[in-house]
Amino acid sequence: ETSEKDAQTDYNALMSDAAEKRATDAKALTEKSSAKADTDAALQGHGDAKKAAIAELMATEKYAQSLHSECDWLLQYYDVRK
């Protein structure tokens with residue numbers, strides 16, 4: 001009878017500890033899911049910013065190339081226009 005009471009007490013303590021662990025794990029999972037969602041949103045924003053920066057860089061390079069071509073033409077026909 002005494003060993004049965006000890007076993008029951010141990011079992012109740014084990015179940016209580018397990019319930020606390022489940023609650024702690026559930027809270028940690030919720031926090032990690034929230035952090036992941038925030039990180040994913042930030043990643044999406046950075047991806048969009050990168051695409052915009054690349055498009056702006058390409059436009060700038062195209063403009064620089066057109067200026068270079070115009071300068072080459074002016075230098076080539078400088079003597080003719082003089």
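The first residue in the sequence is number 1, and the count goes up from there. Predicted model, so just to flag it, every value in this text is computed and none were measured.
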query: Just by distance, with hydrogens left out, do Gln44 and Asp40 show a side-chain donor and acceptor under 3.5 Å apart?
result: no

- line: Interatomic distance, OG@Ser66 vs NE2@His68, rounded to 0.5 Å, equals 11.0 Å

message: Side-chain heavy atoms nearer than 4.5 Å, only ILVMFWY residues, links allowed to pass through others: does that put Leu75 and Val80 together?
response: no

Euclidean distance, Asp25 CG relative to Thr30 OG1, rounded to 0.5 Å: 10.5 Å

message: Rounded at 0.5 Å granularity, tell me how far CZ in Arg22 sits from CG in Leu29.
response: 14.5 Å

message: Just verifying a value: how many Å separate Leu57 CG and Lys62 NZ, rounded to the nearest 0.5 Å?
response: 13.5 Å

query: Do Thr24 side-chain atoms and Glu20 backbone N/O form a donor-acceptor pair below 3.5 Å?
result: yes

message: Under the side chain to side chain contact (heavy atoms under 4.5 Å, CB included) test against Ile54, which residue among Glu56, Lys51, Met58 passes?
response: Met58

task: Please indicate whether Met15 has more than 12 foreign heavy atoms, meaning atoms of other residues, nucleotides or ligands, lying under 6.0 Å from its CE.
output: yes

query: Is it true that Lys21 and Asp17 make a salt bridge, defined as a side-chain N closer than 4.0 Å to a carboxylate O?
result: no

task: Please examine the side chains of Leu74 and Tyr78, heavy atoms only from C-beta on, and report whether any two atoms are closer than 4.5 Å.
output: no

